[in-house]
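Sequential numbering from 1 along the given sequence is applied to the chain's residues. Every value quoted in this text rests on a predicted model; they were computed, and no experiment measured them.
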Amino acid sequence: MTDLLALVVWLILLALAFPYVRRSKHPKVPPLAAFMLFATLFSVVAGTLYFALLWLVQAMGWGPRLGSAPWALAFLSLAFAPAFLLARWIIRRPPLDRPPPK
């Protein structure tokens, strides 16, 4: 149940991410590049946190608690909120002004 809910929430957040990224990216960064960076960082961090927290919950014997909606939403917010904050911080930074390689 939690896996399906996590997948649905992840897909919804990625669908809503493109308009959000266009509005909140740094002005010097192209929209597609900002979206790709946001989607990649968000997915990697959220997936890593999700599986690390899932392992921790199962190791502590709290797995059955994830069957209830409040626990599942709290669990998913612990995985998705830090991923969103990190990806948002990265797309708002100015790009590195390096000369192109020769």
Side-chain angles (χ1 to χ4, degrees):
M1 174 67 178
T2 306
D3 294 338
L4 180 60
L5 180 62
L7 181 63
V8 168
V9 169
W10 175 72
L11 289 173
I12 290 171
L13 290 174
L14 282 182
L16 296 173
F18 193 72
Y20 172 77
V21 168
R22 286 189 60 165
R23 188 170 32 98
S24 53
K25 70 176 184 59
H26 192 275
K28 289 185 177 180
V29 178
L32 184 59
F35 175 73
M36 294 303 293
L37 185 60
F38 182 90
T40 301
L41 281 172
F42 178 77
S43 298
V44 168
V45 173
T48 302
L49 285 173
Y50 176 82
F51 287 112
L53 289 170
L54 187 61
W55 176 82
L56 183 65
V57 164
Q58 289 177 346
M60 296 178 80
W62 294 349
R65 291 184 184 183
L66 292 180
S68 68
W71 283 101
L73 289 175
F75 177 82
L76 292 177
S77 66
L78 286 174
F80 289 130
F84 174 79
L85 292 174
L86 177 67
R88 182 182 72 165
W89 175 68
I90 291 294
I91 65 165
R92 287 184 172 185
R93 292 184 331 171
L96 298 174
D97 290 328
R98 295 183 182 168
K102 293 182 180 182

Response to the item:
When rounded to the nearest 0.5 Å, the distance separating OH of Y20 from CZ of F84 is 4.0 Å

Worksheet item: What's the spacing between L56 CG and L49 CG if we round to 0.5 Å?
Response: 11.5 Å

Practice prompt. Find out if a path of hydrophobic residues (ILVMFWY) with successive side-chain heavy-atom gaps under 4.5 Å connects V44 to L37.
Written response: no

Worksheet item: Looking at CG of L16 and CG of L11, how far apart are the two atoms once the value is rounded to the nearest 0.5 Å?
Response: 11.0 Å

Item to complete: For residues A83 and A46, report the shortest heavy-atom separation together with the two atoms involved.
Response: CB-N, 3.5 Å

Discussion item. Between F80 and F42, is the side chain to side chain contact (heavy atoms under 4.5 Å, CB included) condition met? List the steps.
Written reply: CA-CA 8 Å; F80 289 130; F42 178 77; 3.6 Å; yes

Worksheet, complete the sentence: In short, side-chain hydrogen bond (donor to acceptor under 3.5 Å, both in side chains) pairs touching residues 5-18 with sequence neighbours left out are W10-S43

Worksheet item: Nearest heavy-atom pair of A17 and F38: which atoms, and what distance?
Response: CB-CE2, 3.6 Å

Worksheet item: Is the CZ atom of R92 crowded by more than 12 outside heavy atoms at less than 6.0 Å?
Response: yes

Response to the item:
To the nearest 0.5 Å, atom CE of M36 lies from atom CG of L41 at 11.0 Å

Item to complete: Measure across V29 and P95 and return the closest heavy-atom pair with its distance rounded to 0.1 Å.
Response: CG2-CD, 4.0 Å

Worksheet item: Under 4.5 Å between side-chain heavy atoms, hopping through other hydrophobics if needed: is there a path connecting L78 to L66?
Response: yes

Worksheet item: Measuring from W71:CH2 to L73:CG, what's the distance to the nearest 0.5 Å?
Response: 12.5 Å

Discussion item. Rounded to the nearest 0.5 Å, what separates atom CG in L54 from atom CZ in F75?
Written reply: 4.5 Å

Practice prompt. Kindly state each residue pair satisfying salt bridge (Lys or Arg N to Asp or Glu O under 4.0 Å) with at least one member in residues 24-42, sequence neighbours excluded.
Written response: K28-D97

Fill in: Plane angle bin for F18 and F35 - parallel if under 30°, tilted between 30 and 60°, otherwise perpendicular
perpendicular

